[in-house]
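As C-alpha cells, the structure follows; a few thoughts come after it.
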Amino acid sequence: MLEVLSEYEIETLLFFLFCIACSLNWQHQLCKNPKPNPDIKTLFVDHSCGPSQQNGARAPSPVTAPLMGAVPKPGGFPPLSAHGPFQPAPGPLVTSPAAWLANPSQVPHPSASSGPIGFLPQNNAAASMLKRPRTPPLNNPAIDYQTADSEHVLKRARLLGMSDEVNNMAVNILPVGYTNQTHGQSSYSFDDLPKAVCFTLNLGSTVRSMDFHPLQQTLLLVGTNSGDIMIWGLGSRERLCHRSFKVWDLAACSTALQTSLASDYSASINRVVWSPDGSLFGVAYSKHIVHIYSYYCGDDPRNRLEIEAHAGSVNDLAFSYPNKQLCVVTCGEDRLIKVWDVVSGAKQYTFEGHEAPVHSVCPHHKENIQFIFSTATDGKIKAWLYDNLGSRVDYDAPGHSSTNMAYSADGTRLFSCGTNQGGDSFLVEWNESEGAVKRSYAGLSKRAEGIVQFDTTKNRFLATGDESMIKFWDMDNVSVLTKTDAEGGLPASPCIRFNKEGILLAVSTNDNAVKILANTDGIRLLRTMENRSFDASRVVSTSAVKPPLMGTFGAASAAVGSSIVDHIGPVPSMIPMNGDSRSLADVKPRIADESSEKSRIWKLTEVNEPAQCRSLRLPDSLTAIRVSRLIYTNSGFSILALAANAVHKLWKWPKNDRNTTGKANANIAPQLWQPASGILMTNDISDTNPEDVVPCFALSKNDSYVMSASGGKISLFNMMTFKMMTTFMPPPPAATFLAFHPQDNNIIAIGMDDSSIQIYNVRVDEVKTKLKGHQERITGLAFSNALNVLVSSGADSQLCVWSTDAWEKQTSKNLQIPPGRTTSPLADTRVQFHQDQTHLLAVHETQIAIYEAPKLTCLKQWLPLEASGPITDATYSCDSQSIYVSFEDGSVGVLTSSTLRLRCRINSSSYITSNPSIKVYPLVIAAHPSEPNQFALGLNDGGVCVLEPLESEGKWGTSPPQENGAGPSTSVAASSDQP
C-alpha cells in the first residue's frame with residue numbers, strides 16, 4: 001500500500017530531483033558525447049558517455065563552438081571557457097549576418113586599433129553559431145555552458161577526490177541582455193499597450209532622444225535640440241536635474257572644435273542612453289563631443305568622461321561589454337565607429353569601412369560573441385567584431401534607408417526601421433541566418449522629412465512614431481495592431497520610448513513637451529509613486545513646476561525631529577554643476593509650495609513595540625551558540641547561518657496556501673532543515689583560540705554549494721545532502737573571508753588572517769596568485785562586474801582595489817576614523833557594492849561610508865551617536881535603496897542610501913524578549929534578495945530573527961526632506977546631517 005506523502009515531503013522530493021538534474025547538467029556539460037538522458041548512476045562519478053547510447057541518439061553539444069578565443073590575462077588565470085587557439089582564415093565577403101563572424105572581411109578599409117586587441121582571428125568551424133541561434137536558457141540566462149574542448153581541464157589532478165559536482169560547477173558570464181520570456185511564450189493582450197495619456201512634461205525645447213532608466217522604471221532621461229539634458233522623476237512629475245551644453249575642458253579640444261564653438265557655442269543632442277546598470281549615462285552631441293556622467297540614485301549627475309569622439313557630429317552611442325569590460329561605442333559624421341573604455345576614456349578600436357556618415361550602432365552578443373551592427377546614411381549595414389579584420393558583412397537596408405536596428409528584449413529577434421531619401425519608411429524583422437528580411441510591416445506613411453522612430457517592448461510589440469500618431473504592431477503580424485494620437489499635438493515623426501517593463505511610453509509633442517502614456521499597471525505604478533516621490537526632498541506638482549535653476553544643490557541640511565544616531569562630519573568642498581564657478585550664495589534655492597511644505601513635517605519613525613512591526617524568531621532545536629555569519633539563499637526561500645561552534649543551520653520556508661511564493665517571511669515559521677541522515681554541516685576546527693577565529697562562508701549562485709571555514713580547513717558542502725565534498729587549505733594561514741568570482745564559480749577570492757588574499761581555482765586545486773597590500777587580516781571582499789575589480793577591506797581599516805585582469809593593486813585608502821572615537825584594535829571593515837556596481841558601502845564599527853570605485857573617492861560618511869554603541873554590521877537592501885545597520889545596543893537603523901539619512905529606528909524591544917541575564921543584540925545582518933523591506937538578524941544568543949514592516953505600512957519609515965528642496969551632494973567626503 002502506497003504511503004500518502006505530505007505536501008512538504010513532495011516539495012522536498014521535487015527539490016531533490018531538481019538538484020540531481022543540476023548535478024547531471026554540470027557533469028555532462030563538458031562531456032564530448034553527452035547522453036540526452038544520462039544514467040542516474042553517473043551522478044557522483046567521473047565518466048565519459050560512449051558514442052552510442054541505449055537511451056537515445058548522441059546528443060549535440062550544449063553550444064556550438066564559440067568564434068572568439070578568450071583573452072589571455074597576464075598573471076591571471078585560465079580563460080573562463082578553455083578553447084583551443086584559432087587560426088586566421090580569411091574568406092570571401094558574405095552578405096549573410098549568419099556567416100559574417102566566420103569570414104574575415106577583405107574590404108579595402110581594415111579597422112585600425114589604438115588599444116589592446118581583445119580577440120584572436122577565428123576559424124570557419126564556428127560559422128554555424130548564428131546560422132542556428134540558440135535561445136538562452138530560461139532558468140539562468142547568464143550561464144555560459146562550456147564546450148567539449150574544455151575536457152582537458154578535467155583531466156588534471158582532482159581536488160582531493162572532489163567529484164564532478166564541484167569540478168563542473170557552472171561558469172557564469174556577464175553581461176546578459178536576456179529576460180526570462182521569449183517571444184514564443186508571450187501571453188500579452190491588446191490591453192497591455194500603454195495608450196492612456198497620464199500627464200505632460202514641459203521641457204522648453206524639442207526632444208531629440210529619450211531613455212528610461214533600466215532599474216528605476218519611472219526615471220526618464222531626455223536630450224533636446226538645444227543641448228539640454230534632463231532627468232525627470234515621473235512619480236513626482238518633476239525635473240530632478242538639468243544640464244546645458246558645456247565643454248568641460250575647451251583647451252584640450254581640437255582646433256576645429258574650438259573654431260566651431262567660437263562662432264556658435266551650441267550643440268544639439270543626437271542620443272542619450274543609460275548604461276545597462278543605470279549607474280552611468282552617455283550623451284552624443286552634434287559637435288564632436290561625447291559626455292559620460294555618473295548617476296547615483298536621486299543625486300545630481302557627476303562629470304565622468306569628456307571624449308572628442310568624432311570630427312563633426314556624433315550621431316549615436318551605445319554601451320557594450322567587449323572582454324566583459326564596460327565600453328561605449330560611438331559613430332559619426334566622419335564615417336567611423338569607435339569603441340572607448342568607460343573607466344579610462346582610452347580608445348580601444350576604430351572601425352573604418354563606411355562610405356557615408358554612420359547613422360547608428362547596435363552592439364549585441366550571441367552566446368559569448370560580442371559584435372556591432374552599424375548603419376550609414378547611404379543605406380549600408382555592416383557588422384563588426386572587436387578586432388582588426390574589418391566588417392564581417394556589407395548589405396543594403398530596405399530601400400537604402402537610413403535606419404536604426406534593435407533587438408527584442410530577449411535578444412532573439414532583430415528589427416530595423418528607417419526612412420530613405422525619397423521619404424519611404426521601412427519597418428522589418430531580419431532573418432539572421434539568411435541575412436534577409438524575414439517580415440516587412442505595413443502601415444507606414446511617406447514623409448517629407450525626418451526618419452521614423454521606433455521601439456520594441458515585451459518581446460511582443462513594435463511601435464513607431466508616424467503621421468502624428470503612435471502605431472503599434474504585434475511582432476508576428478505585419479498589419480498595424482492599433483494606433484493612437486495621444487490626444488493630439490504630436491509632430492509628424494514623434495520620438496517614442498518604452499520603459500523597460502513596457503508599461504509606460506514617452507512620446508514627444510509639437511510644443512516642446514513629452515506626454516507619458518501608460519497601461520493599467522503603469523497607471524498603478526504612477527499613482528503609487530505620487531505618494532512617495534523619487535527623492536523625498538523634491539516634491540513639486542507638475543502644474544507648479546518652473547524650469548529649475550541650474551547650479552549646485554546645497555549640502556543636506558538639518559531636518560526637523562529628534563534622533564538617536566545621526567551625526568556627521570563637516571562638509572569640505574563642493575563641485576558645481578556644469579562647471580559653474582558661482583558660489584552657493586549666488587544660486588537661488590528652489591522652494592516648493594510653502595503651505596505644502598509646512599503641512600509635511602517629517603518625523604523619524606521609531607519602532608518600539610512588537611505590534612509596530614512583523615518579527616519572527618526562527619525555531620531552533622540545536623545548541624544555541626552566537627551567530628557569526630548569516631545569509632539568505634539566492635532564491636530567497638531559505639536562510640543559512642554559521643554559528644561560532646562551526647555548525648551551519650538552514651531554515652526553509654514551506655510553499656502552501658498561506659505562502660504561495662515559498663519565500664522567506666515573518667508571517668510563517670520555517671523548518672530547521674536536516675537531511676534524513678541527520679548529519680550537520682560542521683566546519684573543520686583548528687587548535688586556535690575560538691575567540692580569535694573569524695568564521696566565513698560563501699554561497700554558490702545556484703544555492704547548491706556553500707564554501708565555509710571556521711579557523712581550520714576550508715570545507716565545501718552540498719546544500720541538499722549536507723555532505724562535505726572536500727576540504728582544502730589547512731591553516732596557517734586561516735581563511736577569514738570568502739567570495740566567489742562573479743563570472744566563474746570555480747574561482748574564489750580567499751582573504752587570510754596573515755593579511756594576504758589568495759585567488760584560488762577550485763577546479764584545478766591551484767592558487768593562481770597572492771595579493772598583498774594589507775597589514776592585518778582580511779575582513780571583506782567584493783567584486784564589481786562593471787569595473788572588473790576586487791575591493792578588499794581589512795582589520796587595518798584600509799580599502800584596496802585590485803584589477804581582476806592582471807590582479808594588480810590599483811589604489812588603496814584608509815577609512816577616515818572620526819577624531820575622538822576609540823575603536824577596537826582589530827575592528828572588522830566590511831565592503832559591499834551597490835546594485836550599480838560602482839558605489840561601495842564600507843562598514844566599520846564607527847561609521848557607514850559610501851565610496852566611488854575604482855578611485856575610492858569618499859562621497860558620504862555617516863557617524864552614529866556613541867550612545868547606540870558600535871555598529872556591529874550593515875548591508876544594502878536588495879534594491880540598494882536602503883542600508884540596514886545593526887548596533888550593539890540591539891537597535892537597527894534604516895538609512896536612505898542616496899543621502900545616508902536615518903529614516904527609521906527599530907529598537908530591540910520590538911523583536912527581542914527581555915532577558916535580564918544576558919544582553920542580546922545582533923552581530924550580523926542579511927537582506928532578503930528580492931524583498932527590499934525584509935532583513936534577518938543573527939544574534940549573540942544564537943537566535944535568528946526575520947523582520948518586516950507592517951503590511952499596512954509597507955516600508956520602514958519615510959525619507960527626511962531637505963530644506964528648500966536642496967538635494968544631497970555626491971561630491972563631498974562627508975555629508976552633514978542631523979535629524
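By the 6.0 Å contact criterion, NZ on Lys809 is enclosed, its count of non-hydrogen atoms from other residues, nucleotides or ligands being greater than 12. Crowding of Lys713 atom NZ: a count of heavy atoms from other residues, nucleotides or ligands under 6.0 Å not exceeding 12.
Taking OG1 of Thr769 as the reference point, atom CD1 of Ile759 lies at 7.0 Å (rounded to 0.5 Å). Of the inter-residue distances, the one linking Met720 atom CE with Leu650 atom CG reads 12.5 Å to the nearest 0.5 angstrom. For the atom pair CZ (Arg830) and OG (Ser793), the distance works out to 8.0 Å, reported to the nearest 0.5 Å. Of the inter-residue distances, the one linking Gln674 atom CD with Met681 atom CE reads 9.5 Å to the nearest 0.5 angstrom. With rounding to the nearest 0.5 Å, the separation of CH2 in Trp653 from OG in Ser638 is 7.5 Å. Interatomic distance, CG of Leu699 versus CZ of Phe717, reported as 13.0 Å (0.5 Å rounding).
Not one N or O on the side chain of Asn718 forms a donor-acceptor pair closer than 3.5 Å with the backbone of Lys723. Side chain of His928 to main chain of Gly636: a donor-acceptor pair is present (N/O by atom type, distance under 3.5 Å, no hydrogens or angles). Without hydrogens or angle criteria, Thr875 side chain to Ala926 main chain gives no donor-acceptor distance under 3.5 Å. Remark: side-chain polar atoms of Gln810 are not paired, donor with acceptor, to backbone N or O of Pro854 under 3.5 angstrom. A distance-only check finds no donor-acceptor pair linking the side chain of Asn785 to the backbone of Pro742 [under 3.5 Å]. With hydrogens and angles ignored, the 3.5 Å screen pairs no side-chain donor or acceptor of Ser710 with any backbone N or O of Ile685. Formation of a donor-acceptor pair under 3.5 Å by the Asp873 side chain with backbone atoms of Ile925 is found in this model. Under a 3.5 Å cut-off, the side chain of Thr779 and the backbone N or O of Thr829 do form a donor-acceptor pair. Checked by atom type and distance alone, the side chain of Asp754 never pairs as donor or acceptor with a backbone atom of Pro733 at under 3.5 Å. Side-chain N or O atoms of Thr736 include one that pairs as donor or acceptor with a backbone N or O of Gly751 at under 3.5 Å.
Between Asp765 and Tyr760, the shortest heavy-atom contact is OD1-OH, 2.6 Å. Across Gln370 and Pro322, no two heavy atoms sit closer than the pair CG-CA, 4.2 Å. Of all heavy-atom pairs spanning Leu326 and Ala786, the tightest one is CB-O, 3.9 Å. A pairwise comparison of heavy atoms in Ala644 and Ile625 identifies CB-CG2, 3.7 Å as the closest pair. Of all heavy-atom pairs spanning Asp828 and His844, the tightest one is O-CD2, 3.8 Å. Listed here is the closest heavy atom pair of Asn761 and Ile747: ND2-CD1, 3.5 Å.
Ring-plane geometry between Phe697 and His648 is classed as parallel, the angle between the planes falling under 30 degrees on a 0 to 90 degree scale with a further cut at 60. Ring geometry for His774 against Trp802 counts as tilted: the plane angle lies between 30° and 60°, on a 0 to 90° scale. In this pair, His834 and His839 present their aromatic rings perpendicular. The plane angle is above 60°, beyond the 30 to 60° band.
Residues Lys770 and Gln758 form a side-chain contact, since some pair of their non-hydrogen atoms from C-beta on lies under 4.5 Å apart. Residues His364 and Phe371 meet the side-chain proximity criterion, which asks for heavy atoms closer than 4.5 Å. A 4.5 Å side-chain heavy-atom check between Leu771 and Ser792 finds every atom pair outside the cut-off. Proximity of Ser877 to Tyr884: side-chain heavy atoms (C-beta onward) are separated by under 4.5 Å at one or more points. Between Asp805 and Asn788 the shortest side-chain heavy-atom distance falls below 4.5 Å. For the pair Asp836 and Ser880, the minimum side-chain heavy-atom distance is 4.5 Å or more. Proximity of Ile369 to Leu385: side-chain heavy atoms (C-beta onward) are separated by under 4.5 Å at one or more points. Counting heavy atoms from C-beta on, the side chains of Asn683 and Ser715 come closer than 4.5 Å.
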Chi angles and distances behind the side-chain contact (heavy atoms from CB on, under 4.5 Å) call for Leu680, Leu622: CA-CA 10 Å; Leu680 299 175; Leu622 301 177; 4.1 Å; yes
Pair His365-Tyr321, side-chain contact (heavy atoms from CB on, under 4.5 Å): steps then yes or no: CA-CA 9 Å; His365 68 280; Tyr321 277 94; over 6 Å; no
Stepwise side-chain contact (heavy atoms from CB on, under 4.5 Å) check, Lys663 with Phe637: CA-CA 4 Å; Lys663 289 183 179 180; Phe637 297 160; 3.7 Å; yes
Derivation and outcome, side-chain contact (heavy atoms from CB on, under 4.5 Å), residues Thr633 and Met719: CA-CA 10 Å; Thr633 57; Met719 285 278 284; 4.3 Å; yes
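At a cut-off of 3.5 Å, with distance as the only test, no side-chain donor of Ser700 or Asn745 sits close to an acceptor on the other residue. Side-chain N/O atoms of Gln837 and Ser279 include no donor and acceptor closer than 3.5 Å. The closest side-chain donor-acceptor pair between Gln934 and Tyr632 falls under 3.5 angstrom.
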